[in-house]
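Starting from 1, each residue takes its place in the sequence as its number. In this text the structure is predicted, and so the values were computed from the model without any measurement. All values below were derived from every heavy atom in this structure, side-chain atoms included, with hydrogens, water molecules and symmetry-related copies excluded.
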Amino acid sequence: MVDEARLRAVREAKARFGDELLKNPDVHGIGVGRRRIAGKKTDELAIVVHVQRKRPAEEVPPQRLIPKSVRYVNRDREEIEIPIDVVERPIPVPEVECGECDVDLEARVRPVPGGYSGGPPTTVSNGGTLGGWLWDNVTDQIVVISNDHVFGGTAGTDISQQSIFDGAALPADHIADVLRSGTLDVSIAAPVSDDVYELAIECGGPGVYEFAEAQLDMIVQKTGQTTGLTCGIVDLVDYDSGHYGSHNDLWIDGDGNDFSKGGDSGSLYLERDHPDGHPWRRVVGIHWGGAANDGVGHPFQAVVDDLDLTTVCVGVLRSLIDALFGDDGDESAGEGSQSKAFRSPAWLQIVEKGSRWPYRRRRRRRDFARAAEARLRETERGAQLVDLVHRHRVEVVQVALSADGRRALRATLGSMARRVVTTDDLLAYRFEEQDVANVRRLIAVADRIGGEAMGEATEYAVELVEGAAGRTLGELLG
């Protein structure tokens, strides 16, 4: 177990002294991790300093000597001493070019899950790994993520699968167009049609359904197009090498094995085992480079904050609800535009007719879906309903993205949307016989598409609407 108070102290020391340590020409990276003695990790936390070659102190010029510790006074006016551990490590480099691969992740596949080869024309880069599919809050659509140094970062750039370096040809293998890059080494691209993507990550589970913060000693896995499925251990947090200006990267220890090779850039770091036993794995980072057997990547929460992304589950449901119930952030809001927005959301019209540029529109505010969820959580049964949706997020997305599921959801929520303006109206909504029939149709679709995994959720829904006609939603949940 990591001593959280001590970890905070070491992180504060790294933030205070990191820039000064990086000025030393022998230092190429620093982070926060466990101190090593004779090459073995100890329980002591330290600022870990990476140098290319570790030399005896007597061989180092005095002005280049790295201190054994740093001291500072914290907010409680206590003097804190933090050790510095100097470790010999190669400089991490972006991993783009392809190499030997024992797993056939360089092949052409349709639909495309995360972990496979992809990239732009060779004049931009040699390609890398398509990390996985997420939801873009800016344009309200499903997008694929990789590194900026893989996709190239120029809006409108064609992305093929597999990469052209691996044998793809444009336009036949064109699957997406670059939307934008972030300030970190990340870019996203919009699919050219809704039949090219598969939300799963090859060898990694159903897909990107939850994010988490990487912890020291966490076991993670990644699926890269060159090395396939590999595991490593989070060795350093807050790692700083100056790559794209990031100061809080992750250093992944290959634990004696080769964690990554050229071509793995863009692959996602997944927590190997979900702490709550869910079938999906939490995403903790995105790989951008390697050093010998180790890997380096950005923490994923920083990535989604940088690009304004979320999971497909959250994005699909919020977009659907906000489109149905209107949005005061859209100048064209009104009953007619509400129905139009649902019939033709951005995530179904990704490319304008006759154009290869990604479909774009003005960003909408997303207040109602969040407000409705918060209001439902105020009641015990409402909180149970929200938790069921989150627990069965994989199946919920399958239902929401299917043709029958979309129609059933529209029928179920459509009549409600015409009479609901505020969350008070939502709880005061009185169910009619037709509403109950619509819910039962939705339950039947969920049973068919989600299968046994949806059993808990559909049983709850059946119980909720039993005798619902004539009662308000607030009464049903009260």
Side-chain angles (χ1 to χ4, degrees), residues 1-37 40-51 54 57 63-89 91-92 182-185 211-220 232-253 269 271 275 282-286 288-289 291 294-306:
M1 294 290 291
V2 175
D3 184 331
E4 293 297 331
R6 187 63 175 173
L7 178 60
R8 286 194 296 272
V10 180
R11 282 180 148 169
E12 183 174 352
K14 184 257 180 181
R16 287 170 178 252
F17 300 102
D19 288 344
E20 182 179 343
L21 290 169
L22 280 171
K23 289 178 182 177
N24 188 316
D26 295 327
V27 175
H28 63 76
I30 58 175
V32 172
R34 295 190 183 278
R35 187 180 184 185
R36 281 178 166 84
I37 296 179
K40 294 185 178 180
K41 291 183 183 179
T42 69
D43 291 336
E44 186 177 16
L45 298 176
I47 296 175
V48 180
V49 173
H50 284 182
V51 297
K54 191 174 179 179
Q63 66 274 20
R64 290 194 177 188
L65 277 174
I66 298 170
K68 294 183 178 180
S69 64
V70 291
R71 295 174 181 267
Y72 72 94
V73 177
N74 67 11
R75 295 175 183 176
D76 297 325
R77 298 184 179 179
E78 300 170 326
E79 186 177 55
I80 306 295
E81 183 176 8
I82 303 298
I84 293 178
D85 189 21
V86 179
V87 179
E88 188 173 297
R89 286 285 188 271
I91 297 175
T183 60
L184 300 174
D185 188 1
F211 314 135
E213 182 181 359
Q215 305 293 329
L216 285 175
D217 306 325
M218 177 186 283
I219 299 176
V220 297
I233 301 169
V234 178
D235 189 48
L236 299 178
V237 295
D238 294 359
Y239 173 73
D240 188 349
S241 65
H243 185 72
Y244 278 68
S246 177
H247 303 293
N248 64 334
D249 281 346
L250 308 173
W251 186 283
I252 309 299
D253 185 348
Y269 296 160
E271 184 181 24
R282 303 192 298 182
V283 183
V284 300
I286 185 169
W288 61 254
D294 298 345
V296 188
H298 295 315
F300 210 65
Q301 190 59 58
V303 169
V304 298
D305 290 344
D306 186 29

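- Within the 3.5 Å criterion, the main-chain N or O of Ile30 finds no donor-acceptor partner in the side chain of Lys14.
- Here the side chains of Leu184 and Ile286 are not in contact, with every heavy-atom distance at 4.5 Å or above.
- Smallest separation of non-hydrogen atoms from Ala9 and Ile80: CB-CG2, 4.3 Å.
- Contact annotation: the side chain of Met218 approaches that of Glu271 to within less than 4.5 Å [non-hydrogen atoms, C-beta and beyond].
- What you find for Asp76 and Asn74 is that their closest heavy atoms are N-OD1, 2.9 Å.
- Neither side chain, Asp249 nor His243, offers a donor N or O lying under 3.5 Å from an acceptor on the other.
- By the 4.0 Å N-to-carboxylate-O rule, Arg16 lies close enough to Glu12 to be salt-bridged with it.
- The shortest distance between side-chain heavy atoms of Ile82 and Tyr72 falls below 4.5 Å.
- The shortest side-chain heavy-atom distance between His50 and Leu236 falls under the 4.5 Å cut-off.
- For Arg34 against Asp217, the heavy-atom pair with the smallest separation is NH2-OD2, 2.6 Å.
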Which side-chain N or O atoms in residues 41-49 pair as donor and acceptor under 3.5 Å with protein atoms at least two apart or in another chain?
{"residue": "Lys41", "atom": "NZ", "partner": "Asp235", "partner atom": "OD1", "Å": "2.9"}
{"residue": "Thr42", "atom": "OG1", "partner": "Arg35", "partner atom": "O", "Å": "2.9"}
{"residue": "Thr42", "atom": "OG1", "partner": "Glu44", "partner atom": "N", "Å": "3.2"}
{"residue": "Glu44", "atom": "OE1", "partner": "Arg35", "partner atom": "NH1", "Å": "3.1"}

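- In this structure, the salt bridge (charged side-chain N to carboxylate O under 4.0 Å, His left out) partners of Asp253, at least two apart in sequence or on a different chain, are Arg36.
- The aromatic rings of His298 and Trp288 are tilted relative to each other, their planes meeting at an angle between 30° and 60°.
- Side chain of Asn24 to backbone of Asp26: a donor-acceptor contact under 3.5 angstrom is found.
- In terms of modelled atom types and a separation under 3.5 Å, the side chain of Tyr269 and the main chain of Pro299 share no donor-acceptor contact.
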